[in-house]
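Start at 1 and go down the list; that is how both ligands and their atoms are numbered.
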Amino acid sequence: MVVAYLDHAAATSVRPEVLEAVGPLLDTLAANPTATHAEGRAARHVLDDAREEVAELCGAIPGGVVFTGGGTEADNLAVTGVVRACGIEAPQVLVSAIEHKAVLEPAQHLARRGEAELALLGVNGEGLVDLHALAASLGPSTALVSVMTANNELGTIQPIVQIAAAIANRAPHAVLHTDAVQAAPWLDLCTAARGADLVTLSGHKLGGLKGVGALVLRRRVPLEPLIVGGAQELGLRSGTQDVLGAVSLAVALRCAVADRDHEVERVRALRRELWQRLEHDLGAQVHQTVPSAPSLPGHLHLSVLGVDAEELLVALDRAGVCASGGSSCASGALEANHVLEAIALPPTLRKGAIRLTLGRTTTAAEVEAGARAIVEVVRRLQAA
Ligand code: PLP
């Protein structure tokens with residue numbers, strides 16, 4: 001039995017409004033949205049409405065949304081697509097050291113193949129990008145800068161507006177991409193990610209369906225597609241579109257925007273409550289990783305002293321608490337964590353580091369039960 005689901009950053013449940021919107025379409029939208037007959041046009045109309053809605057909510061150029069098979073694909077399209085289309089002889093890619101692997105790996109792949117020179121931007125102890133290092137690295141060969149709006153593990157929010165200003169000063173030809181997969185449920189991307197040219201979204205972090213994402217285009221940027229063969233999605237992502245996925249993303253985003261002010265306050269208060277309970281019962285045995293950085297309301301990254309994170313997560317799972325060791329994308333395996341290395345978290349804290357993330361369905365009762373279960377498990381493991 002699940003006592004507390006504290007892994008909303010990995011995936012959050014589908015919103016009822018999404019189910020309401022998508023359910024009837026399962027029956028009625030049989031046609032291919034590229035077909036020219038009436039049924040096809042009806043499907044395309046639904047898809048185009050979803051596109052316009054996402055475009056408007058994210059400050060895109062009209063129609064400037066490429067629906068993809070998830071956040072990972074949108075990140076890959078941004079990184080590889082910009083580098084391959086930029087026309088710079090030896091393009092340089094600047095990427096923060098704490099990016100999701102969906103950004104880091106395509107950048108590393110391009111570097112290994114000699115298609116780009118990769119420079120990692122360092123971060124401070126709370127995960128904030130070093131703006132001086134960024135400014136010093138920008139130059140005529142910079143093709144792409146990719147810095148996430150908020151980090152998936154720590155929740156730290158990056159100063160995207162300042163990063164965009166530095167790029168405008170020193171490398172105005174460069175493209176700024178931001179992975180807003182984690183930020184989208186909580187922040188207004190038109191302000192928090194103002195100045196970014198390309199923005200990545202993912203459906204299942206917002207309460208939409210899994211397996212749908214989007215790359216939002218804020219200006220016309222040369223991009224080479226990763227998937228060719230039908231020229232759908234502005235010619236940037238071939239293949240018959242997932243209309244229901246696109247609708248789910250648009251509805252989920254609309255609902256997140258409508259609920260945002262209230263939800264941010266509510267979830268932030270619950271996170272505070274969770275931390276206070278853990279700190280009260282475990283004292284110096286728990287350590288908050290980024291206590292004072294600007295951060296997403298639902299993220300609580302912490303270290304438990306004297307326990308091993310992997311063991312802790314298994315024991316928490318048995319006690320009905322769903323938590324995570326960081327990125328959810330390594331099939332549950334805990335690998336050397338590049339984010340914790342980048343913020344230079346001491347090895348003693350790294351060993352017992354876990355991520356608890358709250359979300360739309362989190363309640364006060366769940367926080368109370370979750371905190372109690374975590375305390376019991378930690379005490380048991382420490383005693384052993
Ligand atoms: N970017 C960030 C910051 C994420 O947290 C994730 C998923 O955890 C992704 C990208 C990948 O998104 P998707 O699961 O839709 O491929």
Listed once per pair and sorted, the salt bridge (charged side-chain N to carboxylate O under 4.0 Å, His left out) pairs that draw on residues 230-248, sequence neighbours left out: Arg51-Glu233, Glu73-Arg237

Nearest atoms (heavy-atom pairs only) where Arg271 meets Leu296: NH1-O, 2.8 Å

Over all atoms of both residues, closest heavy-atom pair of Ala85 and Glu224: CB-N, 3.7 Å

Nitrogen or oxygen atoms of Asp179 and ligand 1 under 3.5 Å apart: yes

Numbering as shown, the atoms of ligand 1 that approach Thr72 to under 4.0 Å (heavy-atom distance): 11 (C), 12 (O), 13 (P), 16 (O)

Minimum heavy-atom distance between Leu120 and Ser96, given as atom pair plus value: CD2-O, 4.4 Å

Glu99 near ligand 1 by a heavy-atom separation under 4.0 Å: no

Distance-only check: which donor-acceptor pairs under 3.5 Å involve side-chain atoms of residues 244-258, not counting sequence neighbours?
| unit_1 | atom_1 | unit_2 | atom_2 | d |
| --- | --- | --- | --- | --- |
| Ser248 | OG | Leu209 | N | 3.0 |
| Ser248 | OG | Gly245 | O | 2.7 |
| Arg254 | NE | Glu53 | OE1 | 3.4 |
| Arg254 | NE | Glu53 | OE2 | 2.7 |
| Arg254 | NH2 | Glu53 | OE1 | 3.1 |

Close N or O approach (Asn152, ligand 1; < 3.5 Å): no

Atoms of ligand 1, numbered as shown, that sit under 4.0 Å from any heavy atom of Gln182: 3 (C), 4 (C), 5 (O)

Presence of salt bridge, Asp197 and Arg218, under 4.0 angstrom: no

Mode of His204 contact toward ligand 1 - side chain, backbone, both, neither (heavy atoms, under 4.0 Å): side chain

Interfacing atoms of ligand 1 (cut-off 4.0 Å, heavy-atom, Gly70): 15 (O)

Close-contact set for ligand 1 against Gly71 heavy atoms, below 4.0 Å: 12 (O), 13 (P), 15 (O), 16 (O)

Residue part near ligand 1, for Asp75, under 4.0 Å between non-hydrogen atoms: side chain

Which segment of Glu73 sits under 4.0 Å of ligand 1 when only heavy atoms are counted: neither

Atoms of ligand 1, numbered as shown, that sit under 4.0 Å from any heavy atom of Met148: 3 (C)

Arg360 and Asp259 ion-paired at < 4.0 Å: no

Exam field: side chain Ser238 to backbone Ala231, donor-acceptor pair closer than 3.5 Å: yes

Val181-ligand 1 polar pair, N/O distance under 3.5 Å: no

